[in-house]
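See below for the structure under consideration.
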Amino acid sequence: MKSSSVLAFILGLSACTGPTESGWTRALGLVDEGTPPFTGLTAPDTVRARRQFEITVRTFGSSSCTRPDGYDLVAAPLRAEVRPYDLTAPLGSVCTEDYGAFPRTVPIRFEAAGIAEIVVEGHGFDGASRQVRKAVTVLPE
């Protein structure tokens with residue numbers, strides 16, 4: 001390998017620092033109500049009260065400059081609010097232009113029977129706040 005190729009390779013690696021490196025920013029993720037695989041929320045239509053089940057929350061972004069970084073969950077007897085977070089690379093980072101989905105599994109349990117609501121809070125493609133919602137039928141134990 002020529003020295004200029006080695007230097008370009010090393011510079012390329014340094015531009016792709018990981019989320020533990022300084023300069024990465026944590027923020028609510030981009031969510032949308034698109035079609036699979038670009039659906040922000042996948043959840044069962046029917047569950048049982050007091051039994052844990054799993055939902056999938058997806059955020060989206062450039063696959064080399066965005067990293068999933070957990071979520072916050074606020075649960076009530078018939079409501080669950082999920083706030084998924086992503087890390088974004090510092091300005092000036094070299095990123096691939098492909099667009100990817102970043103799924104995460106979230107365990108939830110509703111305590112009462114009835115119609116529950118799952119709300120995923122993030123931002124849309126336009127940068128404005130966005131909520132993706134789904135109603136779930138919760139049957140008695």
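Predicted model only: the values in this text are computed from it and were never measured.
- Taking Ile, Leu, Val, Met, Phe, Trp and Tyr as hydrophobic and joining them when side-chain heavy atoms fall under 4.5 Å apart, one finds L91 isolated, its cluster having no other members.
- Not a single side chain to side chain donor-acceptor pair (under 3.5 Å) links T25 to another residue, sequence neighbours left out.
- Under the rule for a side chain to side chain donor-acceptor pair (under 3.5 Å), the partners of E117 that lie at least two apart in sequence or sit in another chain are R79, R133.
- With sequence neighbours excluded, the residues satisfying salt bridge (charged side-chain N to carboxylate O under 4.0 Å, His left out) with R104 are D86.
- Checked against side-chain contact (heavy atoms from CB on, under 4.5 Å), T105 has the following partners two or more places apart in sequence or in another chain: E54.
- Counting only distance, with no hydrogens or angles, the side chain of S93 and the backbone of A89 share no donor-acceptor pair below 3.5 Å.
- Smallest separation of non-hydrogen atoms from S62 and Y99: N-CD1, 4.2 Å.
- Qualifying side chain to side chain donor-acceptor pair (under 3.5 Å) partners for E111, counting only residues two or more places apart in sequence or in other chains: R109.
- Qualifying side-chain contact (heavy atoms from CB on, under 4.5 Å) partners for T56, counting only residues two or more places apart in sequence or in other chains: T42, R58, P103.
- For the atom pair R51 CZ and L139 CG, the distance stands at 9.5 Å (nearest 0.5 Å).
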> Would E81 and E121 satisfy side chain to side chain contact (heavy atoms under 4.5 Å, CB included), going step by step from the backbone distance to the final call?
Replying inline: CA-CA 7 Å; E81 296 177 8; E121 298 181 12; 3.6 Å; yes
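- Scored by the salt bridge (charged side-chain N to carboxylate O under 4.0 Å, His left out) test, D45 finds K134 as partners (sequence neighbours excluded).
- Take R130 and apply the side chain to side chain donor-acceptor pair (under 3.5 Å) test, not counting sequence neighbours, and it matches no residue.
- Shown here for A113 and A49, the closest heavy-atom pair between the two residues is N-CB, 4.1 Å.
- When all heavy atoms of F60 and T39 are compared, the pair lying nearest together is CZ-N, 3.8 Å.
- Annotation: the span from D98 atom CG to C65 atom SG amounts to 10.0 Å, rounded to 0.5 Å.
- Put simply, CZ on F102 and CG on D69 are 12.0 Å apart, with the number rounded to the nearest 0.5 Å.
- Residues L28 make up the rest of the hydrophobic cluster containing Y85, defined by ILVMFWY side-chain heavy atoms closer than 4.5 Å, directly or through other members.
- With a 4.5 Å cut-off between side-chain heavy atoms of Ile, Leu, Val, Met, Phe, Trp and Tyr, the cluster of V138 takes in V31, L41, V47, F53, I55, V57, Y71, L73, L78, V82, V106, I108, F110, I118, V120, V132, V136.
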